[in-house]
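Hydrogens, waters and symmetry mates play no part in the numbers below; they use all other heavy atoms, side chains included. Numbers restart at 1 for each chain; the letters A, B, ... are given by sequence-line order, proteins then strands.
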There are 2 protein chains.
Amino acid sequence: MTRSEENYLKIIFHLGGSDSTPITTNAIAEQMETKPSSVTDMAKKLAEKNLVKYKRYQGVSLTEQGTKTALSIIRKHRLWEVFLVKKLDFSWDEVHEVAEQLEHIKSEKLIDKIDELLEFPKFDPHGDPIPSKDGKFMVRDKQLLSEMSIGSKGVCVGVKDSSAPFLKFLDKNKIALGHTIQVLEIEDFDHSLRIAMEGRELRISHQIASNLYVKKNE
Amino acid sequence: MTRSEENYLKIIFHLGGSDSTPITTNAIAEQMETKPSSVTDMAKKLAEKNLVKYKRYQGVSLTEQGTKTALSIIRKHRLWEVFLVKKLDFSWDEVHEVAEQLEHIKSEKLIDKIDELLEFPKFDPHGDPIPSKDGKFMVRDKQLLSEMSIGSKGVCVGVKDSSAPFLKFLDKNKIALGHTIQVLEIEDFDHSLRIAMEGRELRISHQIASNLYVKKNE
DNA sequence: ATTAAAATTTAGACAAATCTAAAAATAGGT
DNA sequence: ACCTATTTTTAGATTTGTCTAAATTTTAAT
Ligand SMILES: [Mn+2]
Ligand SMILES: [Mn+2]
Ligand SMILES: [Mn+2]
Ligand SMILES: [Mn+2]
């Protein structure tokens, strides 16, 4: 597997899709920051290797083997992110770039030992689940903060947008995973929210709220 | 810098050489496990980037900039090797391959944090010195065991051959860095040695002795 | 000084991954 | 059903790093 093939598989996985709703060439091209014609070439190559199903003009979907491979890359990416944060004091907005490189290191033993060193974490620094060796991962019952009703309480468990600017904004406003949240008020005008978080009260825009995942209290 | 360029620089560094005694095309080709014609192409490219001095038919030597780059790759390689042994319980015969990949990860912060986590080690698991950020490294006063005279004592501080088979052989015979060594007898016939090591007595061939570095006691 | 052997370079080709421009297929609106 | 806009594919070129085979230069022996 080349690095490029691995990146395509990862992106196809993240775009979702299935046999019945394949991923389009353009969607992949946009995520890969490449041209559709390049995607077509790669689609053929991956199909040749039985990693994707591909029919001309009909888009691409992962085979079982392709899914397995994608999950193993994602596993490595997220474990390295945890390593960087927990063991090397990286902040959560710095880890993605480095993990993009580290995810391609080829050594089963290495990633298993990292997993062990970290005591088998189930989620990465952004709240995304870490697949196990056999490709299974926790699906956490979570919803966007923007979809919660007034008065409801929960715990912040993840971010939808994990770009550095958004993560830095959260840091600046002392919003972090694990914090408790209660929705106090939702403005009709702009859908901004007034929330209580760890004793404080703050106002956040609809855009922020629609990029924060919350686990609702029972 | 591409991965290939980095590997060429590293190998040119390891081959020694200087402005007056440049490294030959064939020597590089052999180490890189590639063809001389490929080396010529790369020599031109590296010369273009001012990383080596290159004159047709006259071989290659590193510029100051090339030396700096080579040392930074070697620093990364050796720090990762220490990390694998100390933090992930790899054995010293398993680390080289993985370090060959990890040495190409591009992140200053990452390698500095690894350095810090390891408490700034000065030598790698094979006894080779780890260059500092600014490219300086300890030159240890050491000699080959095969060059020691009868009766002299020392401490085993490094291996010349760090291939897995040799390292495994040392493990099997409980020869490790840090162990004390005294030369008891040298056979005229085959130059094999009888040595005392950590209380035991053992016999080792000339070939083994000429791949073990010892720091002589004053 | 000649000459043969060895080392090195050049020329031309190839695979991987990408691009641009043109052609083909599909999808959506009327 | 038809036409047009969009999507996707093809064809051909480019870059990087490699190769083989042929040509050139160096070296070392006579
Ligand atoms: Mn990430
Ligand atoms: Mn990647
Ligand atoms: Mn090594
Ligand atoms: Mn390398």
Nearest-Å distance for atom pair CE/C1', residues A/Met42 and D/dT10: 17 Å
By side-chain contact (heavy atoms from CB on, under 4.5 Å) - contacts of B/Ser149 (at least two apart): B/Ser152
Measure the distance from CD on B/Glu30 to P on C/dA7 and round it to the nearest whole Å. 11 Å
Does A/Ser4 reach a base, just sugar-phosphate, or nothing at all? Heavy atoms under 4.0 Å. sugar-phosphate
Among side-chain atoms of B/Ser4 and B/Thr2, is any donor-acceptor pair under 3.5 angstrom? no
Considering residues at least two apart in sequence or located in another chain, which fulfil the side-chain contact (heavy atoms from CB on, under 4.5 Å) criterion with A/Met1? A/Glu5, A/Glu6, A/Leu9, A/Leu51, A/Thr69
Do any side-chain nitrogens or oxygens of B/Thr40 fall under 4.0 Å of OP1 or OP2 in C/dT9? yes
Ring pair (Phe, Tyr, Trp, His ring centres under 6.0 Å) for A/His77 and A/His96? Distances and angles first, verdict last. CA-CA 8 Å; A/His77 181 99; A/His96 184 75; 4.7 Å; yes
A/Lys216 with A/Asp141: basic N within carboxylate O range, under 4.0 Å: no
Regarding A/Arg78 and A/Asp115, does a basic nitrogen lie under 4.0 Å from an acidic carboxylate oxygen? no
Would you indicate, yes or no, if D/dT9 has its OP1 or OP2 atom less than 4.0 angstrom from a side-chain nitrogen or oxygen of A/Lys44? no
Length of the line joining B/Met32:CE and C/dT8:P, which is rounded to integer Å: 16 Å
Can you tell me the distance, in whole Å, between the CG atom of A/Asp41 and the C1' atom of D/dG12? 12 Å
Under a 4.0 Å heavy-atom cutoff, the residues of residues 16-28 of chain B touching DNA chain C are B/Thr24, B/Thr25, B/Asn26
Protein-nucleic acid N or O pairs under 3.5 Å, nucleotides 21-25 of chain D:
residue : atom : partner : partner atom : Å
D/dT24  : O2   : B/Tyr57 : OH           : 3.3
D/dT25  : O4'  : B/Tyr57 : OH           : 3.3

Report yes if a side-chain nitrogen or oxygen of B/Tyr8 is closer than 4.0 Å to either non-bridging phosphate oxygen (OP1 or OP2) of D/dT16; otherwise report no. no
Contacts of A/Lys10 meeting side chain to side chain donor-acceptor pair (under 3.5 Å) (sequence neighbours excluded), chain-then-number -> A/Glu100, A/Glu103
Given atom NZ of A/Lys49 and atom C1' of C/dA16, what is their separation to the nearest angstrom? 10 Å
Would you please name every residue forming a side chain to side chain donor-acceptor pair (under 3.5 Å) with B/Asp41, sequence neighbours left out? none
Distance check needed: D/dT9 P versus A/Lys55 NZ, whole Å only. 13 Å
Expressed in angstrom and rounded to an integer, what is the separation of A/Leu46 atom CG from C/dA16 atom C1'? 13 Å
State whether the number of non-hydrogen atoms from other residues, nucleotides or ligands found under 6.0 Å of A/Lys113 atom NZ is greater than 12. yes
